[in-house]
Enquirer: 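First the structure, which I've put down as structure tokens, then a few questions once you've had a look.
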Amino acid sequence: MKRSMPKRVKVKQWKAVILLLIIGMCSLLLWGCSIKSEVLKDRLIVPLDSDIKTFNPVLINDAYSGIAIGYTLTGLITENAITKDLDPELAEKWEFQQDGKQLIFTMRPDLKWSDGYPLTVDDVLFTFQDIIFNEKIPSGSRDVLRIGKSQTLPRVEKLDDRRISFSMDEPFAPALRTIGGTGILPKHVFAPTLTESSTDKKLKFLETWTLSTPVSQLVGNGPYLIQEYRPSERLIYKPNPYYWKKGTPYIDKLVMQIVESPDTALLRFRSGDLDMYRLRGEDYQLLKRFEKRDRYKIYNAGPATGQAFLMFNLNKGKDPKTNQPFVEPIKSKWFNDVNFRRAVAYAINREAIITNLSRGLAQTQNSPISIPSPYFLPPEKGLKVYDYQPEKSKEILLQAGYKYNSEQQLLDAQGNLVRFTLMAPTGGRVAMGAQIKNDLEKIGMKVDFNPVDFRIITDKLDNSKQWDASLLGFTGGAEPNSGINLWATDGDSHLFNKGPVGDEKPFPGREIADWEQKIHDLMIKGAQELDETKRKEIYAEYQQLVQEQLPLIHLTVPLYLVAIRDRVENVQPSALAGSTGVTGALWNVEQLKLKS
């Protein structure tokens with residue numbers, strides 16, 4: 001007969017078992033935490049606001065692909081984002097000759113690509129002469145380098161094994177920054193791709209380094225190489241063993257987590273999954289409260305660069321394949337009426353956007369030139385602005401022949417209801433788009449607001465051309481000529497009236513307005529002028545003309561606020577270094593260190 005164990009002994013044993021389980025679980029948790037600490041201590045983890053579209057650096061037309069590739073390629077020179085000085089990169093020196101019409105770079109000796117191939121003057125010559133200047137390859141970089149009314153490109157010549165010359169028909173003020181800042185490409189990789197495909201007669205280059213290309217085949221010259229890419233998840237970078245700055249970068253792993261929702265990015269930063277986070281206005285009070293406790297610092301680099309704007313499709317052309325207009329003729333008539341655009345500009349409550357969406361941590365924007373740029377014309381010096389005046393909007397519309405029905409809906413002179421679709425990329429601009437919809441409906445316009453994936457927007461803008469209005473933003477910088485491909489009437493980024501690019505046939509019915517051509521002419525004139533005072537006067541006239549005609553209706557620009565973990569050393573955030581995500585804190589990525 002078995003003896004039964006006293007109840008109190010059983011209870012004690014069960015308590016002991018539970019205690020052991022708890023201790024084991026705690027040990028496991030602590031072990032897991034220590035593993036996480038071990039795993040993360042050698043890597044910098046930052047967010048990327050959207051997935052990328054290509055690995056091909058020449059075919060990039062979105063900010064996110066540019067960011068992703070930017071750490072793998074470098075140019076002849078670089079700009080210090082704090083001092084604004086130009087520093088040597090692949091070139092160790094440079095000089096102007098022939099009264100500014102010739103620019104000569106001297107390359108560093110013994111440079112190598114990430115695969116060990118020598119990096120030479122031949123790569124520089126190939127990059128410009130065979131790729132950038134190749135009319136069969138669509139590239140915004142080519143537009144930026146066109147000189148004068150003749151729109152000629154610099155003549156490139158190899159002088160010897162280490163020197164390369166760029167000759168111009170006339171002085172070109174942006175030459176040094178533009179040419180020097182262009183990422184150099186590996187000739188031994190891309191030269192074989194400049195043959196035509198046997199099927200569609202297009203260059204193989206156009207299908208080179210797509211997202212399906214194994215990352216092990218990507219060759220670079222920058223501080224990092226892409227080690228792994230998982231679509232919609234992350235990019236992981238490793239140091240380039242042949243980077244010319246020996247001993248750098250200091251951080252063994254750079255991880256870009258693709259986080260398209262800013263709310264998700266905020267949660268991941270607060271949980272410790274991210275080392276950096278670009279603040280929205282609504283984030284500031286919350287993050288500031290826990291700054292010391294959670295061991296990070298919020299940096300304020302001032303007004304961000306770039307521009308946020310509402311843009312209408314002004315293209316009167318037709319698709320040459322279908323003979324169908326890109327924009328419905330009734331809508332096209334509204335959009336091409338400057339009175340319509342001015343009414344919209346006065347109807348948008350920018351101060352409410354700043355107060356409600358940015359929590360006061362932004363300011364109104366009235367120019368296509370970034371506020372931190374020395375060429376920016378402030379309103380106090382005469383730049384036209386559009387303060388919130390909805391009654392003035394209605395007055396402008398009535399004087400232009402529009403009318404209101406009994407329900408206070410806006411009709412055009414023929415009695416058509418004014419209704420259009422407004423696109424905005426999902427993420428940070430959705431709230432702004434929703435407010436603009438409400439603002440415009442207060443003056444009788446019917447707006448169908450449609451937040452969509454950024455790639456859908458770029459496809460419509462670049463390819464189908466079939467869209468009404470879009471809420472968008474461009475990155476910016478100090479040099480106004482960097483936006484020439486937006487303002488050149490045949491520019492790759494002339495989105496509000498996009499012309500044919502590459503092998504596309506001319507669009508029947510497409511028109512270039514007089515003011516549109518004048519903006520293009522002013523941009524050319526500004527690039528020709530070497531005198532800084534006169535250059536500023538030219539760009540002031542350009543800014544005024546943009547504000548008068550409103551091909552872009554500018555909105556607000558946030559302060560560049562970025563929260564960075566205390567463990568990251570040598571950070572120097574700069575708005576001029578880039579206002580997309582945390583790029584303004586990564587301009588000196590090779591100098592960043594992590595505390596152990």
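Just so it is clear, the structure is predicted and the values come from calculations on it, not from any experiment.
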Enquirer: Among Glu157, Gln97, Gln102, find the residue that satisfies the side-chain hydrogen bond (donor to acceptor under 3.5 Å, both in side chains) test when tested with Ser165.
Expert: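 Checked Glu157, Gln97, Gln102 against Ser165; only one passes side-chain hydrogen bond (donor to acceptor under 3.5 Å, both in side chains): Gln102.
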Enquirer: Which label fits Trp94 and Phe105: parallel for a plane angle under 30°, tilted from 30 to 60°, or perpendicular past 60°?
Expert: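 Because their plane-to-plane angle lies in the 30° to 60° range, the rings of Trp94 and Phe105 count as tilted.
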Enquirer: Would the distance check show the side chain of Asn313 and the main-chain N or O of Lys465 forming a donor-acceptor pair, the cut-off being under 3.5 Å?
Expert: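 Present.
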Enquirer: Under the side-chain contact (heavy atoms from CB on, under 4.5 Å) test against Arg234, which residue among Val259, Ile258, Val255 passes?
Expert: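 Only match with Arg234 under side-chain contact (heavy atoms from CB on, under 4.5 Å): Val255.
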Enquirer: Please check if the distance between the ring centroids of Phe126 and Phe190 is under 6.0 Å.
Expert: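 No, ring centres 6.0 Å or more apart.
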Enquirer: Without swapping roles, check the side chain of Thr182 against the backbone of Thr178 for a donor-acceptor pair under 3.5 Å.
Expert: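 Confirmed, Thr182 side chain pairs with Thr178 backbone.
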Enquirer: Supply the atom-to-atom distance Asp453 CG to Met423 CE, rounded to the nearest 0.5 angstrom.
Expert: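 That separation rounds to 12.0 Å.
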Enquirer: State whether a side-chain donor-acceptor pair under 3.5 Å links Lys316 with Asn497.
Expert: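 No donor-acceptor contact under 3.5 Å links the two side chains.
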Enquirer: Does anything in residues 571-589 form a salt bridge (Lys or Arg N to Asp or Glu O under 4.0 Å)? List the pairs, not counting sequence neighbours.
Expert: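 Listed once each, the pairs would be none.
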Enquirer: Per the side-chain hydrogen bond (donor to acceptor under 3.5 Å, both in side chains) rule, which among Lys136, Lys204, Lys202 passes with Glu196?
Expert: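 Going through the options one by one, the only one that passes is Lys136.
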Enquirer: Sub-3.5 Å donor-acceptor pair from the side chain of Asp459 to the main-chain atoms of Arg455, do we have one?
Expert: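 Side chain of Asp459 to backbone of Arg455, a donor-acceptor pair under 3.5 Å: no, none is there.
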Enquirer: Would you say NZ of Lys93 has more than 12 non-hydrogen atoms from neighbouring residues, nucleotides or ligands within 6.0 angstrom?
Expert: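 No, not enclosed.
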Enquirer: Main chain of Val144, side chain of Asn481: is a donor-acceptor contact present, judged purely on distance under 3.5 Å?
Expert: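 Present.
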Enquirer: Please check: side-chain N/O of Ser65 versus main-chain N/O of Ile60, any donor-acceptor pairing under 3.5 Å?
Expert: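 Checked: no pair found.
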Enquirer: Between Arg146 and Asn485, is there a donor-acceptor pair closer than 3.5 Å when you use the side chain of the first and the backbone of the second?
Expert: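 No: the side chain of Arg146 does not pair with the backbone of Asn485.
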Enquirer: Can you confirm whether the side chains of Ser167 and Lys101 place a donor and an acceptor under 3.5 Å from each other?
Expert: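 The answer is no; no qualifying pair exists.
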Enquirer: So, Trp113 and Asp123: side-chain donor and acceptor under 3.5 Å apart, yes or no?
Expert: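 On atom types as modelled, these side chains qualify, holding a pair under 3.5 Å.
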Enquirer: Return yes if a side-chain donor-acceptor contact under 3.5 Å exists between Asp115 and His188, otherwise no.
Expert: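 A donor-acceptor contact under 3.5 Å links the two side chains.
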Enquirer: Counting only N and O atoms by type, is there a donor-acceptor contact under 3.5 Å from the side chain of Asn240 to the main-chain atoms of Leu225?
Expert: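 Not at all, since once roles are kept as given, no pair shorter than 3.5 Å links the two residues.
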Enquirer: Is the Tyr539 ring parallel, tilted or perpendicular to the Tyr542 ring (thresholds 30°, 60°)?
Expert: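 Correct class here is perpendicular.
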Enquirer: Checking Asn336 against Ser332: is there a side-chain donor and acceptor pair closer than 3.5 Å?
Expert: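 Their side chains do contain a donor-acceptor pair, which is all the 3.5 Å distance test asks for.
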Enquirer: Start with the C-alpha distance between Phe309 and Phe474, add both sets of side-chain angles, then the distance that settles ring-ring contact (aromatic ring centres under 6.0 Å, His included), and finish with yes or no.
Expert: CA-CA 9 Å; Phe309 52 83; Phe474 283 159; 5.3 Å; yes
Enquirer: Do the side chains of Leu159 and Ile164 get nearer than 4.5 Å, heavy atoms only?
Expert: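 No. Closest side-chain heavy atoms not under 4.5 Å.
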Enquirer: Determine whether the aromatic ring centres of residues Phe326 and Trp467 are separated by less than 6.0 angstrom.
Expert: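 They do not qualify: ring centres at least 6.0 Å apart.
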Enquirer: How are the rings of Tyr237 and Tyr71 set to each other: parallel, tilted or perpendicular (split at 30° and 60°)?
Expert: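 Judged by the thresholds at 30° and 60°, the geometry between Tyr237 and Tyr71 is perpendicular.
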Enquirer: Can a side-chain donor-acceptor contact be found between Asp462 and Asn61 if the only test is distance below 3.5 angstrom?
Expert: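 The criterion, which ignores hydrogens and geometry beyond distance, is satisfied for Asp462 and Asn61.
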Enquirer: Using a strict cut-off of less than 4.0 Å between a Lys/Arg side-chain nitrogen and an Asp/Glu carboxylate oxygen, indicate whether Lys238 and Glu228 qualify as a salt bridge.
Expert: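 Here Lys238 does not pair with Glu228 in a salt bridge, since their nearest N and O are not under 4.0 Å apart.
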Enquirer: Do Leu73 and Asn221 have side chains that approach each other closer than 4.5 Å (heavy atoms only, starting at C-beta)?
Expert: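 Side chain of Leu73 against side chain of Asn221, heavy atoms only: contact under 4.5 Å found.
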Enquirer: Take Glu89 and Thr78, measure what side chain to side chain donor-acceptor pair (under 3.5 Å) needs, and give me the verdict at the end.
Expert: CA-CA 6 Å; Glu89 190 75 7; Thr78 188; 4.7 Å; no
Enquirer: For Ser373 and Ile369, indicate whether the former's side chain and the latter's backbone hold a donor-acceptor pair under 3.5 Å.
Expert: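 No, because the side chain of Ser373 does not come within donor-acceptor range (under 3.5 Å) of the backbone of Ile369.
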Enquirer: Side chains of Asn315 and Arg510, heavy atoms from C-beta outward: is any pair under 4.5 Å?
Expert: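 Side-chain contact under 4.5 Å: yes.
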Enquirer: Side chains of Glu92 and Arg162: closer than 4.5 Å at any heavy-atom pair?
Expert: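 Heavy-atom side-chain distance check passes, below 4.5 Å.
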Enquirer: Is it true that a side-chain atom of Thr83 and a backbone atom of Asp85 form a donor plus acceptor pair closer than 3.5 Å?
Expert: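 Yes; at least one donor-acceptor contact below 3.5 Å.
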Enquirer: Please step through salt bridge (Lys or Arg N to Asp or Glu O under 4.0 Å) for the pair Arg163 and Glu95, ending with a clear verdict.
Expert: CA-CA 11 Å; Arg163 293 188 305 149; Glu95 60 179 329; 5.3 Å; no
Enquirer: Just so I know, are the side chains of Ile82 and Trp587 near enough to count as touching, which here means a heavy-atom distance under 4.5 Å?
Expert: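 SC-SC contact between Ile82 and Trp587 confirmed.
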Enquirer: Is the Tyr243-Tyr224 ring centre distance short of 6.0 angstrom?
Expert: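 Tyr243 vs Tyr224: aromatic centres not under 6.0 Å.
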Enquirer: Between the main-chain N or O of Leu254 and the side-chain N or O of Arg43, is there a donor-acceptor pair closer than 3.5 Å?
Expert: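 Checked: no pair found.
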